[in-house]
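Can you read through this structure? Questions will come right after.
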Amino acid sequence: MTKRTAPATKTAARARVGELHEQITQANYQYYVLDDPQTSDAQYDRLLNELKAIEATYPDLVTPDSPTQRVGVTPVGQLTPVVHSTPMLSLDNAFNDEDLNNFDRRVRERLEGVESVEYAAEPKLDGLAVSFRYEGGRLVQAATRGDGLRGEDVTHNVRTIKAVPMQLRGKPPELLEVRGEVFMTIAGFKAMNAQALERGEKTFVNPRNTAAGSIRQLDPRQTANKPLDVFFYSVGEVKGWKLPAKHSEALEQLRAWGLKVSPLVEVVQGASGCLAYYQRMGEKRPKLAYEIDGVVFKVNSYAQQRELGFVSRAPRWAIAHKFPAHEENTVVKDVEFQVGRTGALTPVARLEPVFVGGVTVSNATLHNMDEVERKDVRIGDTVVLRRAGDVIPEIVKVIVERRPEGAKKIKLPTKCPVCKSDVEKVADEAVARCTGGLFCPAQRKESLRHFASRRAMDIEGLGTKLIDQLVDGEQVHTPADLFKLTVAQLAELDRMGEKSAAKLVEAMQASKKTTLSRFLYALGIRDVGEATAAALASHFGQLGPLIEASEEAIQEVADVGPVVAAHVHHFFQQKHNREVIEALREQGVDWPAQKKRAEASSGALAGKTFVITGTLDSMSRDEAGDRITALGGKVSGSVSKKTSYVIVGAEPGSKLQKAQELGVEVLDEKGFLQLLG
DNA sequence: GATCCTCGAGTTCT
DNA sequence: CTCGAGGATC
């Protein structure tokens with residue numbers, strides 16, 4: 001039987017409580033500090049429940065450092081200020097190699113006679129700096145950094161962080177103040193947000209803010225269920241311990257006392273050693289379980305640190321070398337509306353240019369008006385801009401506290417900004433559209449661009465700039481006009497010589513030989529993308545029957561319902577569209593007869609669905625897709641449980657994770673090539 | 001009618 | 001890549 005009930009005598013109970021404290025603390029240490037669990041979850045729960053049961057029977061056996069007290073019980077009224085006994089320093093920043101070389105040179109100049117300096121290097125975590133006071137090995141106080149001189153008492157919350165020991169191991173000194181960074185893992189952050197979303201609560205912006213917010217909670221019960229973690233990185237006030245000669249040695253001792261130190265700490269030599277470490281961490285950065293915003297270098301010898309001293313509140317012996325940030329603040333200068341090929345009006349924020357994630361960003365899409373209202377972005381607002389893992393900049397949120405007096409709300413225009421036609425917004429739909437159709441130059445330009453694009457007609461060399469000129473100069477109205485352009489005409493245009501013009505004409509000639517599926521896609525029929533175009537092509541086999549088909553007949557096609565069928569039917573009913581198609585055919589646009597579906601659906605990979613993520617070595621993703629289709633397989637963009645295989649190349653995206661969650665079979669490039677035969 | 005699966009459309013910068 | 005919405009399925 002389990003020992004849920006308390007021992008009969010108090011003496012027995014006291015002895016058992018001692019044992020349980022020890023066992024639970026040991027299990028916590030192995031799990032949270034060493035990251036090497038030796039106790040099963042069930043076993044751990046049994047120990048904790050037994051302790052709770054005894055404490056319920058004998059309340060005076062509850063001590064402040066009991067593992068049960070970690071859960072956090074009573075909220076505090078407000079956070080109490082704490083004066084740091086030794087100030088918590090801020091660090092100078094280096095933003096490039098030159099800054100770092102200068103730092104190393106200054107250090108060497110001040111330390112006369114030292115040729116090469118030894119540095120302790122460690123990742124700089126994106127979290128919250130906290131000071132921890134241990135007296136006689138027992139945690140008595142934890143305080144935030146605050147302004148460096150005064151912080152706030154957050155002991156009640158810090159007790160709930162399992163990686164922070166309540167009691168140090170071995171023989172700790174009389175007094176030990178250590179500094180560490182409290183942070184949240186990315187996975188923990190995501191899981192937390194997913195839960196919040198499920199419960200309909202508001203989500204958090206990033207792990208850093210969430211960690212900072214959690215630690216400054218008044219109610220420790222709110223902190224207890226947050227996945228917080230900690231790394232210790234320096235020593236403050238000490239009594240009863242003679243510091244070793246080097247910082248790296250001090251960190252070793254912290255480890256021995258059961259304080260979690262980053263496993264990535266290294267000792268490096270000179271500026272070149274620092275830069276190599278920076279490089280290595282930069283490569284590791286995307287694979288780490290937590291966010292880091294740079295690395296920190298500290299002169300390793302304490303004697304040298306003392307010799308170097310401080311400038312105001314920053315030490316001369318340490319520097320933070322920052323990575324390009326994933327997130328930055330910037331100001332929304334204006335919001336303009338772009339018109340897409342279907343007439344969709346997209347609000348785009350024009351931003352004060354800002355360097356984020358390695359590039360300068362000056363535009364960010366706001367998708368649609370629903371999004372604008374949800375985020376309540378106004379012109380003049382300061383916003384948080386993200387470019388996480390992803391490439392596309394995203395406005396995460398508005399910093400409302402920094403909204404200026406005259407911040408202007410964003411209004412959907414009633415007329416198209418390009419052609420002045422009415423703007424139409426169907427209720428319950430997110431997008432608003434310009435009703436100008438092909439009369440609108442913006443829509444005409446965008447449809448021509450789509451027509452020429454790689455996955456459609458694939459006219460190499462016909463880009464935005466050229467199309468703008470051709471449309472503005474009224475030389476091209478429909479796609480068919482493109483093929484009528486002469487070398488002489490093209491050579492007239494800006495940035496075009498005889499040679500490029502000849503090349504472009506040649507490219508257009510080559511593009512005339514195409515496939516029915518590409519051609520249908522190029523026409524830009526609403527709701528007909530690549531997949532639907534391919535389905536239509538293989539169902540009808542030729543263009544003629546499709547043009548004449550009734551709505552009902554079109555609905556026969558797999559994955560085509562009433563809405564899409566109506567769009568397709570309507571498109572071919574338009575006299576203008578028929579004329580354009582006719583003209584294109586006359587210009588020599590042609591394709592081989594298409595195999596009907598029945599014939600295409602045999603092959604080695606028939607009935608299998610593939611999703612590709614990451615970069616493949618031996619071929620592009622498009623090629624891989626073509627090979628799969630050629631063997632009768634299907635390629636899809638998103639992973640579901642109907643997916644047969646997920647093919648993973650180098651640097652895969654979130655699809656790999658999804659595949660693992662759903663238990664979908666994952667193939668590496670080698671396995672994929674084998675499957676292809 | 002609800003839910004899941006896909007597809008389409010739009011977007012950034014070098 | 002992400003969001004929104006059409007289509008299929010139960």
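So that the names make sense, note that chain A is the first sequence line, chain B the second, and so on, each numbered from 1. Any value given below was found using the heavy atoms of this structure, including those in side chains, with hydrogens, waters and symmetry copies removed.
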Checking A:Arg449 against A:Thr464: is there a side-chain donor and acceptor pair closer than 3.5 Å?
yes

Quickly work out the A:Phe610 CZ to B:dC5 C1' distance and round it to whole Å.
18 Å

Hey, what are the protein-to-nucleotides 9-11 of chain B N/O distances that come in under 3.5 Å?
residue	atom	partner	partner atom	Å
B:dA9	OP1	A:Asp527	N	2.9
B:dA9	OP2	A:Arg341	NH2	2.9
B:dG10	OP1	A:Thr342	OG1	2.9
B:dG10	O3'	A:Thr346	OG1	3.4
B:dT11	OP1	A:Gln338	OE1	2.8
B:dT11	OP1	A:Thr346	OG1	3.3

Please work out whether the ring planes of A:Tyr278 and A:His321 are parallel, tilted or perpendicular, with thresholds of 30° and 60°.
parallel

Mark yes or no for whether A:Asn577, through its side chain, and A:Phe571, through its backbone, hold a donor-acceptor pair below 3.5 Å.
yes

How many Å lie between CD on A:Glu394 and C1' on C:dC3, as a whole number?
11 Å

Using whole Å, report how far CZ of A:Phe355 lies from P of B:dT12.
18 Å

A:Ile395 atom CD1 is separated from C:dT2 atom C1', nearest whole Å, by 15 Å

Rounded to the Å, how far apart are A:Asp370 CG and C:dT2 C1'?
15 Å

Test item: A:Asp559 and A:Thr532 side chains (from C-beta on) under 4.5 Å apart, heavy atoms:
no

All N/O contacts under 3.5 Å from nucleotides 7-9 of chain C to the protein, with atom names and distances to one decimal?
residue	atom	partner	partner atom	Å
C:dG7	OP1	A:Gly561	N	2.8
C:dG7	OP1	A:Gly561	O	3.2
C:dG7	OP1	A:Val564	N	3.1
C:dG7	OP2	A:Val563	N	3.4
C:dA8	OP1	A:Asp559	N	3.3

A:Glu530 CD to B:dG8 P, straight-line distance once rounded to whole Å
8 Å

B:dG8 phosphate, OP1 or OP2: any side-chain N/O from A:Thr532 under 4.0 angstrom?
yes

A:Asn329 meets the side chain to side chain contact (heavy atoms under 4.5 Å, CB included) criterion, sequence neighbours left out, with A:Thr382, A:Val384, A:Ile399, A:Arg402

Is the closest side-chain donor-acceptor distance between A:Glu446 and A:His450 under 3.5 Å?
no

Could you walk me through whether A:Arg578 and A:Glu548 pass the salt bridge (charged side-chain N to carboxylate O under 4.0 Å, His left out) test, one step at a time?
CA-CA 11 Å; A:Arg578 285 178 177 241; A:Glu548 300 306 330; 3.7 Å; yes

Is A:Thr365 reaching over with its side chain to a backbone N or O of A:Val348, donor-acceptor style, under 3.5 angstrom?
no

Side-chain N or O of A:Thr360 versus OP1/OP2 of B:dC13: is the shortest distance under 4.0 Å?
no

Please test A:Arg585 against A:Asp590 for salt bridge (charged side-chain N to carboxylate O under 4.0 Å, His left out), starting from the C-alpha separation and ending with a verdict.
CA-CA 7 Å; A:Arg585 300 288 279 166; A:Asp590 199 16; 3.4 Å; yes

